[in-house]
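The structure presented is a predicted model; accordingly, all values stated were derived computationally and were not measured.
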Protein chains: 2
Amino acid sequence: MNTKNTNIDNQPLDFSLNVLKFLTPEEQVQIDKVQYSVSFNKGETIFKQGAPMPYVIVLKSGLAKVFLEDGKNRNIVLRITKPGEIVGGPGFFTDYKHHFSVTAIEDCAAHYIDVEAFKKLLLHNARFGLEMIAYLNNAHVKLYEKLKILTHKHMNGRLASTLLYLSNNIYNSEKFDTTLSRQDIADMSSMTKESAIRILKEFKTSGIISCQNNSFEIHDKYGLVNILENG
Amino acid sequence: MNTKNTNIDNQPLDFSLNVLKFLTPEEQVQIDKVQYSVSFNKGETIFKQGAPMPYVIVLKSGLAKVFLEDGKNRNIVLRITKPGEIVGGPGFFTDYKHHFSVTAIEDCAAHYIDVEAFKKLLLHNARFGLEMIAYLNNAHVKLYEKLKILTHKHMNGRLASTLLYLSNNIYNSEKFDTTLSRQDIADMSSMTKESAIRILKEFKTSGIISCQNNSFEIHDKYGLVNILENG
DNA sequence: TGTAATAATTGATATATATCAACATTAAAA
DNA sequence: TTTTAATGTTGATATATATCAATTATTACA
């Protein structure tokens, strides 16, 4: 954290963005009082796998990578998290620890919500709890997809999947600049950065994409889908 | 399904086993009325990935494998499910479809609970909902572990992990007979059956385990842990 | 019980992927 | 700007793992 971290000019939560919209207006006022905002610079750690989790975090602006650390030096980037998303992970109501790390890949702002206050809301508003279950289940299904891709697809397919994810889910454009490094892209695709670079070049040579430094453009989305599905 | 499938002599649910214990006595009576029991022979499909999910299932007896199908011919066995465990998967409150398949690996009996009745309980009993969230989060954390092992460990480590899982979590003994085939064990470890067989032989030769047909014995559990952690 | 079908095993080989080392480029800092 | 550090790129090589084909053991079943 740095000097930008402050809750002096605290920003209100945007309740339209996520399951928090299922809170009653009174509950929303109540939770807005106990939350506070923190800013992070690109590259800063928002929280760290294994650390205790006194807060549920809702990203307010910027992008962050959510990743598993394996104790050695290889990471698995599970997803990129966007504004409005709840990042607390499955730690709550189990061991109250974070089970993944989150690092800002752009300058970020995040709301911190006390986990006990959050729990109280779940205990008093069953509808909210139900929506939370739906939200968690959704994340769970996505993890199954990831597991299938990472274990049963070859490198080309895995990298195609990563590019499609970035284009469709994160940058919402066939053309995007990213602050992700080649290593990050490799960590999203479960391969070494050397392999990621080689396959990017292959894709470039075959005209499916173009990329230079941090600028990417997907020319043939169907081609990528085909590589993902058929090898 | 076969002639054993019947709800004529319906068995009552055992509420001590899982999150259902957080239901009130009245709710337990209510849910016991709408549930019914079904029996499956070894090898029978309990439910199938992609199928609609009108029921949450609680295994009553026997063991079943929970696995992802990738559309081709390779499966990922996520876990073995035991009596008392809720098997409904993350389909509920998302798309009401099953996101994995479940097949009996022994003769099984299962309780079927109407998913709408289950949902109603969640809406009326927030405590139950909270425990359900904890339960789902727990499953989520385990999936992270699996993801780490399957993507960052070599075959020896992955197979060691599978053997430890069977011994510690399923059969609760260093010595166990299993109804899992070599292919199942391979599917749990994300490798081909040929590779699984070769590594089992390696483990046998080095004296860490012995196995013949369906009988396994782990002689050096610490050795397996070491292989899992260090290669 | 004998026979067919299924599962387990082994070996030879091909392929996918990581590793290592060198070098180039870009970004950061003084 | 110059220098340093970090990141990206390429090629050569080693290794892990899958595939294929053949053989044997086990189970189901007529």
Pair A:Arg79 + A:Glu85, salt bridge at N-O below 4.0 Å: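 Here A:Arg79 pairs with A:Glu85 in a salt bridge, since their nearest N and O are under 4.0 Å apart.
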
B:Lys142 bridged to B:Glu145 by N-O distance under 4.0 Å: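 Salt bridge absent between B:Lys142 and B:Glu145.
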
No-hydrogen, no-angle side-chain donor-acceptor test under 3.5 Å, A:Tyr165 and A:Tyr171: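 Not at all, the side chains of A:Tyr165 and A:Tyr171 share no donor-acceptor pair under 3.5 Å.
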
Comparing A:Leu200 and B:Asn214 on DNA chain D - which has the more 5′ nearest nucleotide: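 It is A:Leu200 whose nearest nucleotide is closer to the 5' end.
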
Closer than 4.0 Å, any side-chain N/O of [X] to the OP1 or OP2 of [N]?
X	N	result
B:Asn213	D:dT26	yes
B:Lys201	C:dT9	no
B:Lys193	C:dA8	no

Given atom [atom1] of [X] and atom [atom2] of [N], what is their separation to the nearest angstrom?
X	N	atom1	atom2	value
A:Lys42	D:dT7	NZ	C1'	11 Å
A:Ile197	C:dC23	CD1	P	17 Å
A:Leu180	D:dG8	CG	P	10 Å
B:Leu159	D:dA18	CG	P	12 Å
B:Met155	C:dT17	CE	P	14 Å
A:Ile199	C:dA16	CD1	P	11 Å
B:Ile227	D:dA16	CD1	C1'	16 Å
B:His154	D:dA14	NE2	P	17 Å

Of the listed nucleotides ([options]), which one gets closest to any side-chain atom of [X]?
X	options	value
A:Arg158	C:dT17, C:dT19, D:dA18	C:dT17
B:Thr192	C:dA18, D:dT10, D:dT19	D:dT19
A:Ser195	C:dT17, D:dT9, C:dT10	C:dT17
A:Arg198	C:dA8, D:dG11, D:dG8	D:dG11
B:Ser181	D:dA18, C:dA18, C:dA8	C:dA8
B:Arg182	D:dG8, D:dA18, C:dT9	C:dT9
B:Glu194	D:dG11, D:dG8, D:dT19	D:dT19

Qualifying residue for side-chain hydrogen bond (donor to acceptor under 3.5 Å, both in side chains) with A:Ser181, from A:Asp184, A:Thr179, A:Thr178: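 In the set A:Asp184, A:Thr179, A:Thr178, the residue that makes a side-chain hydrogen bond (donor to acceptor under 3.5 Å, both in side chains) with A:Ser181 is A:Asp184.
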
5' precedence on DNA chain C between A:Gln212 and A:Arg74 (nearest-nucleotide basis):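 Per heavy-atom nearest nucleotide, the more 5' residue is A:Arg74.
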
Ring centers of B:His98, B:Phe47 separated by less than 6.0 Å: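 That pair passes the under 6.0 Å test.
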
